[in-house]
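Quick notes on the structure that follows.
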Amino acid sequence: MLFLKRVESEKKYDIEIDYYVPITITVGAGSYFGEKIYWRTGNFKNSLIEISIEKEKGTLKDITLVAVNEVYLIDFPENECEKKQIGVPLFMLDGNTRNGFCDQIIDFFVYLSPKDITIKFQKEIRPVKCVQLGRVRFSFDKEEKLICITVFDLSDYEYCELKAGMKIEI
């Protein structure tokens with residue numbers, strides 16, 4: 001899993017919502033040419049999310065929701081955090097990396113509503129700490145393990161594109 005190391009000041013970020021790759025979040029301006037580590041999770045058949053971080057510092061670089069197995073079309077219950085910070089999370093990995101990848105088979109849960117999309121890595125755990133970068137919120141448990149990522153304030157276009165890309169019919 002990914003653990004919060006510390007929080008850096010806010011950086012430029014970009015959210016891209018696409019029919020083929022549902023969500024890509026890029027943090028930082030310009031290209032990054034240093035070494036990255038890719039933390040990947042899902043069942044690796046029909047669900048996969050990939051989070052890249054700088055190898056040395058642990059700074060978040062990209063989040064890519066590649067494939068989703070199941071989507072719950074409900075508002076994710078707002079879980080208030082005891083501690084909130086604004087900025088960019090720096091991460092530590094627990095797990096071995098091999099050729100720049102740290103793969104952990106964990107089913108994650110996706111909740112989609114007209115106003116936000118939430119990716120939850122642990123279903124029953126409540127967040128204690130949140131780090132917010134613009135429209136993206138990272139939630140952590142009491143051990144500072146990443147348990148949830150939320151993109152909020154979706155536009156009507158983004159919501160429709162997510163539904164279409166994830167093959168959701170209503």
Side-chain angles (χ1 to χ4, degrees), residues 1-18 20-45 47-69 76 79 81-111 116-122 125-154 158 162 165:
M1 288 299 297
L2 291 171
F3 288 85
L4 182 64
K5 188 175 179 179
R6 68 176 193 273
V7 178
E8 282 188 337
S9 60
E10 275 190 287
K11 293 183 180 182
K12 182 179 175 182
Y13 74 99
D14 184 55
I15 300 171
E16 184 178 332
I17 294 181
D18 181 80
Y20 297 102
V21 178
I23 297 176
T24 303
I25 302 167
T26 306
V27 179
S31 299
Y32 175 73
F33 298 104
E35 271 192 271
K36 293 182 189 177
I37 295 174
Y38 295 88
W39 179 77
R40 303 185 301 184
T41 193
N43 65 21
F44 292 83
K45 294 178 183 130
S47 69
L48 177 66
I49 187 169
E50 180 178 270
I51 299 176
S52 71
I53 61 174
E54 290 180 16
K55 184 175 183 178
E56 296 302 316
K57 281 180 64 178
T59 304
L60 175 66
K61 300 310 292 175
D62 309 286
I63 301 169
T64 305
L65 181 61
V66 178
V68 177
N69 183 29
F76 182 73
N79 288 324
C81 294
E82 295 171 15
K83 301 175 188 172
K84 294 180 185 178
Q85 275 186 278
I86 303 295
V88 178
L90 275 68
F91 291 107
M92 297 180 299
L93 282 171
D94 81 330
N96 296 325
T97 58
R98 189 166 169 224
N99 298 324
F101 294 94
C102 180
D103 293 339
Q104 295 180 331
I105 298 173
I106 301 169
D107 276 328
F108 56 85
F109 308 91
V110 176
Y111 301 87
D116 57 41
I117 182 168
T118 298
I119 303 152
K120 189 139 169 87
F121 302 108
Q122 303 218 338
I125 298 177
R126 298 182 63 82
V128 173
K129 183 176 195 171
C130 295
V131 177
Q132 188 166 318
L133 176 63
R135 296 192 308 146
V136 183
R137 183 182 309 118
F138 304 88
S139 300
F140 300 88
D141 67 7
K142 63 183 176 185
E143 283 92 33
E144 297 196 330
K145 180 172 30 175
L146 179 66
I147 59 169
C148 187
I149 301 169
T150 301
V151 176
F152 53 94
D153 290 339
L154 294 176
E158 289 172 326
L162 284 166

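For the numbers below, each heavy atom of this structure counts, side chains included, while hydrogens, waters and symmetry mates do not.
With sequence neighbours excluded, the residues satisfying ring pair (Phe, Tyr, Trp, His ring centres under 6.0 Å) with Y38 are F101. Checked against side chain to side chain donor-acceptor pair (under 3.5 Å), Q122 has no partners two or more places apart in sequence or in another chain. Under the salt bridge (charged side-chain N to carboxylate O under 4.0 Å, His left out) criterion, K142 pairs with no residue, sequence neighbours left out. Residues passing the side chain to side chain donor-acceptor pair (under 3.5 Å) test with S52 are D62, sequence neighbours excluded. With sequence neighbours excluded, no residue forms a salt bridge (charged side-chain N to carboxylate O under 4.0 Å, His left out) with R6. Looking at residues two or more places apart in sequence or on another chain, you find no side chain to side chain donor-acceptor pair (under 3.5 Å) involving E50. In terms of the ring pair (Phe, Tyr, Trp, His ring centres under 6.0 Å) criterion, F44 has no residue partners (sequence neighbours excluded). For T64, there are no side chain to side chain donor-acceptor pair (under 3.5 Å) partners two or more places apart in sequence or in a different chain. Residues passing the ring pair (Phe, Tyr, Trp, His ring centres under 6.0 Å) test with F3: none are found, sequence neighbours excluded. Under the salt bridge (charged side-chain N to carboxylate O under 4.0 Å, His left out) criterion, K57 pairs with E8, not counting sequence neighbours. Looking at residues two or more places apart in sequence or on another chain, you find a side chain to side chain contact (heavy atoms under 4.5 Å, CB included) between P89 and L4, L60, F91, V131, F138, F140. Partners of K12 by salt bridge (charged side-chain N to carboxylate O under 4.0 Å, His left out), not counting sequence neighbours: none found.
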Candidate pair F121 and I49, rule side chain to side chain contact (heavy atoms under 4.5 Å, CB included), full reasoning: CA-CA 10 Å; F121 302 108; I49 187 169; 3.9 Å; yes

Side chain to side chain contact (heavy atoms under 4.5 Å, CB included) assessment of C148 paired with T150: CA-CA 7 Å; C148 187; T150 301; 3.9 Å; yes

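Salt-bridge formation is detected for the pair E144/K129: a Lys NZ or Arg NE/NH1/NH2 atom is positioned less than 4.0 Å from an Asp or Glu carboxylate oxygen. For R135 and D153, the salt-bridge test fails: no basic side-chain N is under 4.0 Å from an acidic carboxylate O.
Atoms CD1 and SG, from I37 and C102 in turn, are 8.0 Å apart once rounded to the nearest 0.5 Å. Annotation: the span from N96 atom CG to D103 atom CG amounts to 11.5 Å, rounded to 0.5 Å. The structure places CG of L2 at 5.5 Å from CG of L93, a figure rounded to the nearest 0.5 Å. Taken from CD1 in I86 to OG in S9, the straight-line distance is 12.0 Å, to the nearest 0.5 Å. Note that OH of Y13 and CG of L133 are 6.0 Å apart. Values are rounded to the nearest 0.5 Å. Between the CD1 atom in I119 and the OH atom in Y111 there is a gap of 12.0 Å [rounded to 0.5 Å].
Considering all non-hydrogen atoms of both residues, I147 and I125 come closest at CD1-O, 3.6 Å. Of all the heavy atoms in R137 and C130, the pair that sits closest is CD-SG, 3.9 Å. When every heavy atom of V151 is checked against every heavy atom of V136, the shortest pair comes out as CG2-CG2, 4.3 Å. The minimum heavy-atom distance linking I106 with M1 is given by the pair CD1-SD, 3.3 Å.
Side chain of Q104 to backbone of D94: a donor-acceptor contact under 3.5 angstrom is found. Put simply, the side chain of E16 never gets that close to the backbone of T24: no donor and acceptor are under 3.5 Å apart. Using a distance-only test at 3.5 Å, with no hydrogens or angles considered, no donor-acceptor pair links the side chain of D18 to the main chain of P22.
Taking 4.5 Å as the limit, every side-chain heavy atom of Q85 sits out of range of all side-chain heavy atoms of Q132. Side-chain contact between I63 and L65 is absent, with no heavy atoms from C-beta onward closer than 4.5 Å. Side-chain atoms of F108 and S47, non-hydrogen and from C-beta on, do get closer than 4.5 Å to each other.
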